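Given the structure is predicted, the values throughout are model-derived calculations rather than measurements. Computed from heavy atoms alone, side chains included, the values below leave out hydrogens, waters and symmetry copies. Numbered from 1 within each chain, the chains take letters A, B, ... in sequence-line order.
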Protein chains: 2
Amino acid sequence: MNPAVGRPRSSGADEAILRAGRELMTEHGYAGFSMDEVARRAGVGRQSVYRRWPSKPVLVVAAMTSVGADVDVFADTGSFEGDLRSGLEAMRALYHRSSAALFADVYFAMASDLAARDLFNENHVRPRRRSLARAVERAIERGELARETDVSTVTDLVSGPFLYRRLIAADDLRDVLLDAIVEAVLLLYGAKPQQSSATIDRCSPA
Amino acid sequence: MNPAVGRPRSSGADEAILRAGRELMTEHGYAGFSMDEVARRAGVGRQSVYRRWPSKPVLVVAAMTSVGADVDVFADTGSFEGDLRSGLEAMRALYHRSSAALFADVYFAMASDLAARDLFNENHVRPRRRSLARAVERAIERGELARETDVSTVTDLVSGPFLYRRLIAADDLRDVLLDAIVEAVLLLYGAKPQQSSATIDRCSPA
DNA sequence: TGCAATACGCAAGTCTCGTATCGTTTCATC
DNA sequence: GATGAAACGATACGAGACTTGCGTATTGCA
């Protein structure tokens, strides 16, 4: 209960366990290692792992989301389309083919583990969602998007296809889909139906 | 090797096992039953289960996707928007709150099992994708969608947000998102936009 | 009628997850 | 110092997934 009472937790054990989890995930995938191996590699007892994280799914999510959680994915580039594109490119890089199986493992592991899902939301989804929300706010401020723009819907439209291609289609995100996402958001919520560069691009060569 | 050699597989055992799996899933959820129970309820030995399906995840996916795999989700309603809306409603109903935990379990079952993922794609994803592709073809035929409509992108835009809300947000599909999906697809690929400035309209005169 | 091949039920054995309990160690507080 | 609370490594445990091996049953073919 009282954190100031009793022996304090071994400093460094948290990070050692997370690192071991990350390494074993990249080396062997979710099913390819046991919690015992995590403990051994981290140099701690098995119980010290379970004292910190209640299950393998939660530990895996914690390990895979513990780095780079504070990045502003949809950073300010001057225009909403720029913010959106650079953010999507960053996500595309993160979900790149090399780590596809890895992220599939993480996503599916969350599905029925409520604690793992909450942690994933906290560490991964929320920062990105907030970053996108800020980009939308800036866009409304600039007059690029309508005031009624529904951030939640934009998030779903932007992130959903990503997830689908990575998990279900098990394929990279193609340029045509990335363009379609950007264009769809601009068409749905663009404040002024003026010619956005997204639509011009498709016509300009002609 | 040769299927005509040796004792043939017990006819009916396949279906009995799948039925038992389905029942136990709906009654107790993925973690709530053992393979032993599946075998007992189906009236077969445990090995007869593993002879047909290599793991519990694969069996569960097989059991949950073995019925209704041939439904034409995006059936012909007379218009593309109708097809799309009725299909989305059907998917929403399938993933509805009552069966949400069930499908979360199925996703979880796929977590560490590539074979289960492949089977899910084969039995669940592919038929829906094909159904949507047929609806798009009809729409192009009717002149509702542009000839260049990219079926793959439409699939991603339609199914992605669904998956995202189900897997990440663990929430129902809101009406506003469903409307946004329909509108986005129509804006992107609608062949004859009325007065709304759609992309195709600006490109087609060339 | 034999024989090879395969499926069958059954049971024993291995592996891993997650829990519980040991004696020990490290801290704050008395 | 002594004490109590909590973390530590180690280990035993129950449960369930999956494997392996046994003896038997059922088929096609020689």
Side-chain angles (χ1 to χ4, degrees), chain A residues 1-18 20-21 24-25 27-63 105 108-116 119, chain B residues 1-18 20-21 24-25 27-63 105-106 108-116:
Chain A
M1 290 287 179
N2 190 347
V5 172
R7 177 174 175 174
R9 292 218 167 149
S10 158
S11 76
D14 292 53
E15 185 47 46
I17 294 168
L18 289 178
L24 287 165
M25 273 293 283
E27 289 170 21
H28 305 109
Y30 184 84
F33 66 94
S34 68
M35 292 295 267
D36 211 34
E37 293 178 77
V38 175
R40 275 205 306 275
R41 184 172 294 208
V44 303
R46 208 145 54 91
Q47 208 41 239
S48 289
V49 178
Y50 280 104
R51 197 172 291 117
R52 290 164 169 81
W53 294 279
S55 69
K56 186 175 177 182
V58 174
L59 169 65
V60 165
V61 169
D105 276 356
F108 284 120
M110 296 184 320
S112 80
D113 195 309
L114 188 61
L119 184 63
Chain B
M1 293 284 181
N2 190 347
V5 170
R7 176 174 174 174
R9 292 213 170 152
S10 158
S11 74
D14 292 52
E15 184 47 46
I17 294 168
L18 287 179
L24 287 165
M25 272 293 282
E27 289 169 21
H28 304 111
Y30 184 83
F33 67 94
S34 69
M35 293 294 267
D36 213 36
E37 291 179 78
V38 174
R40 275 205 305 275
R41 184 173 291 207
V44 303
R46 197 149 35 115
Q47 213 32 244
S48 289
V49 178
Y50 280 104
R51 196 172 291 116
R52 289 166 170 79
W53 294 279
S55 69
K56 185 177 180 183
V58 174
L59 169 65
V60 165
V61 170
D105 275 358
V106 173
F108 176 72
M110 295 189 287
S112 57
D113 201 308
L114 186 61

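G43(B) comes within 4.0 angstrom of sugar-phosphate atoms only, judged by non-hydrogen atoms across all strands, and of no base.
Using a 4.0 Å cut-off between charged side-chain N and carboxylate O, R52(B) and D14(B) make a salt bridge.
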Reading nucleotides 10-19 of chain D 5' to 3', which nucleotides get B (base under 4.0 Å from a protein heavy atom), which S (sugar-phosphate only), which -?
B-B---SSBB
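With hydrogens and angles ignored, the 3.5 Å screen pairs a side-chain donor or acceptor of E37(B) with a backbone N or O of S34(B). Side chain of D105(B) to main chain of Y30(B): a donor-acceptor pair is present (N/O by atom type, distance under 3.5 Å, no hydrogens or angles).
We find that CZ of R40(B) is positioned 14 Å from C1' of dA11(C), with the value rounded to whole Å. Going from atom CZ of R7(B) over to atom P of dT6(C) covers 14 Å, rounded to whole Å.
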Criterion side chain to side chain contact (heavy atoms under 4.5 Å, CB included) on S10(B) and V44(B), from CA distance to verdict
CA-CA 10 Å; S10(B) 158; V44(B) 303; 6.0 Å; no
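Taken to the nearest 0.5 Å, the CG atom of D36(A) stands 5.0 Å off from the CZ atom of R46(A). Remark: M35(B) CE to Y50(B) OH distance equals 4.0 Å, nearest 0.5 Å.
Between dG9(D) and S48(A), a contact under 4.0 Å exists linking OP1 or OP2 to a side-chain N or O.
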